[in-house]
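Below, read A as the first sequence line, B as the second, and so on, with proteins coming before strands; counting in each chain starts at 1. Quantities reported herein were computed from a predicted structural model and do not represent experimental measurements.
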Number of protein chains: 2
Amino acid sequence: MVPTKEARRAPADKYDERRNQLAESALQTLGELGYARTSLREIANNSAFSHGVVHYYFSDKLELIIYCVRYYKARCVTRYDAVVAESTTPEELLDAFAAKLVETVQEEAAMHRLWYDLRTQSMFEEKLREAVLMIDATLEDMIWRIVTRYAELSGRPTSMTPHAAYGVLDGLFQQALLGHLTGSADAVDAMAAQVHALMPLMLAPAVDAAGG
Amino acid sequence: MVPTKEARRAPADKYDERRNQLAESALQTLGELGYARTSLREIANNSAFSHGVVHYYFSDKLELIIYCVRYYKARCVTRYDAVVAESTTPEELLDAFAAKLVETVQEEAAMHRLWYDLRTQSMFEEKLREAVLMIDATLEDMIWRIVTRYAELSGRPTSMTPHAAYGVLDGLFQQALLGHLTGSADAVDAMAAQVHALMPLMLAPAVDAAGG
DNA sequence: CCGATCCCTTGACGACTGTCAAGACTTTGC
DNA sequence: GCAAAGTCTTGACAGTCGTCAAGGGATCGG
């Protein structure tokens with residue numbers, strides 16, 4: 001009998017652990033091959049198990065992938081929190097933020113292209129939408145924490161909605177990722193410069209210090 | 001014998017015409033199903049031909065798709081030229097540009113999600129990169145024509161690189177497309193507002209008219 | 001130590017895929 | 001009107017896919 005999560009006895013932990021283990025292998029495979037070319041057998045090959053085990057822990061290929069999306073989110077959501085916490089001036093925050101962006105484009109390119117792949121797939125596959133929109137909103141929140149902290153440190157109010165701020169930064173990030181993956185040597189540095197130029201524009205214009 | 005484009009006798013036009021016909025059917029199918037779920041048989045089903053004919057006009061599935069990308073580009077590249085040509089004030093240009101963006105998100109959503117799909121696929125499939133990067137550069141030029149004309153009409157110089165301008169606008173566009181396709185009623189209107197707010201930020205700040 | 005439950009492997013199924021060869025039908029050149 | 005070239009259909013191929021059933025060990029409760 002196929003065990004469901006709630007019907008399981010004691011080792012619900014072990015069950016979830018296996019699911020996470022498979023999600024890990026799936027994410028690795030998906031990041032390498034993309035959604036279109038990833039098969040369950042290939043995922044299993046990149047794990048310690050055989051291909052049949054997938055249907056023991058997931059009812060469906062899509063359920064595995066959706067589980068992966070949510071599992072992946074848990075890793076990303078706090079990526080910039082240290083940057084926010086440790087910066088004490090707007091310039092410091094901006095530098096640290098841009099540096100972190102550059103770092104993550106370079107070192108987690110596979111995961112990021114997978115994210116964009118899955119987000120685009122959700123434009124075609126309705127079942128992916130709920131999970132994708134949820135993580136997209138979470139990423140928007142993450143970006144907004146940066147922007148509001150940057151505004152705070154600058155002593156100026158924000159002049160963009162969270163949605164718009166996320167949209168433009170995500171556009172630059174995606175552009176840099178594409179450039180990075182296609183061999184453009186200066187793509188990530190260009191992104192850093194663009195972010196430096198863009199962030200001040202997300203705040204209301206500084207008043208001239210004429211009055212004091 | 002498989003005819004190659006250069007070895008053909010008189011009807012090189014008819015040959016290309018058929019290729020375009022197939023590209024049309026392929027684009028329709030790809031826009032509906034996405035790259036991952038589109039098969040050659042499905043493309044042929046959406047055309048007047050049978051599935052075998054694809055290999056008469058294209059050596060490969062990938063060659064067909066790459067041909068589609070280039071074919072698709074030819075339609076997009078002049079989309080905003082009328083807006084540029086007919087606007088006489090910066091406000092008019094901005095309104096017309098935003099309106100055109102809204103229109104194209106709504107009425108050509110399938111083609112746009114396909115474009116983002118293929119562009120993302122190029123992060124995984126090396127053979128797609130050349131065509132994708134070419135059309136991406138063309139789109140960047142298209143956007144830059146808007147921005148420079150906007151700057152001209154405003155009497156202010158631009159303050160962003162073409163790359164950055166394209167990146168941020170594309171981010172907003174993609175965000176609106178995702179929102180539109182996932183049922184968010186105000187996604188496209190939000191994009192219009194965001195574009196209105198963003199475009200002035202792409203120009204150098206207006207000097208205060210204190211000196212006359 | 002035995003039976004039951006859990007975990008996992010193996011192998012198979014039907015469906016679908018890209019590709020291509022064989023041939024039929026159509027058009028063209030003479 | 002015949003032969004050749006061009007165009008398209010049909011059918012098959014080898015392979016891969018998601019899915020699932022049967023069964024083997026492992027583990028655990030008694």
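Within 4.0 Å of F58(A), counting heavy atoms only, lies no atom of the nucleic acid at all.
One can place CZ of R19(B) at 13 Å from P of dT7(D), the figure rounded to the nearest angstrom. Between I65(A) atom CD1 and dC17(D) atom P the separation is 13 Å, expressed in whole Å. In this entry the distance linking CG of L62(A) with C1' of dT19(D) reads 14 Å, nearest Å. One can place OH of Y35(A) at 12 Å from C1' of dG18(D), the figure rounded to the nearest angstrom. Across the protein-nucleic acid pair, H55(B) atom NE2 and dA21(C) atom P stand 11 Å apart, rounded to whole Å. One atom, OH of Y56(B), and another, C1' of dT10(D), lie 16 Å apart when rounded to the nearest Å.
With sequence neighbours excluded, the residues satisfying side-chain contact (heavy atoms from CB on, under 4.5 Å) with L133(A) are L178(B), T182(B). Shown here are the side chain to side chain donor-acceptor pair (under 3.5 Å) partners of H51(B), two or more places apart in sequence or in another chain: there are none. Applying the ring-ring contact (aromatic ring centres under 6.0 Å, His included) criterion to Y67(A), with sequence neighbours excluded, gives F58(A). With sequence neighbours left out, the salt bridge (Lys or Arg N to Asp or Glu O under 4.0 Å) criterion links R119(B) to D136(B), D170(B).
A 4.5 Å side-chain heavy-atom check between R75(B) and L27(B) finds at least one atom pair inside the cut-off.
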Please write out each protein N/O paired with an N/O of nucleotides 21-24 of chain D under 3.5 Å, distance rounded to 0.1 Å.
none

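In the displayed structure, E130(B) atom CD is contacted under 6.0 Å by at most 12 heavy atoms of other residues, nucleotides or ligands.
Residues from residues 36-45 of chain B that place a heavy atom under 4.0 Å from any atom of DNA chain C, listed by number: T38(B), S39(B), L40(B), R41(B).
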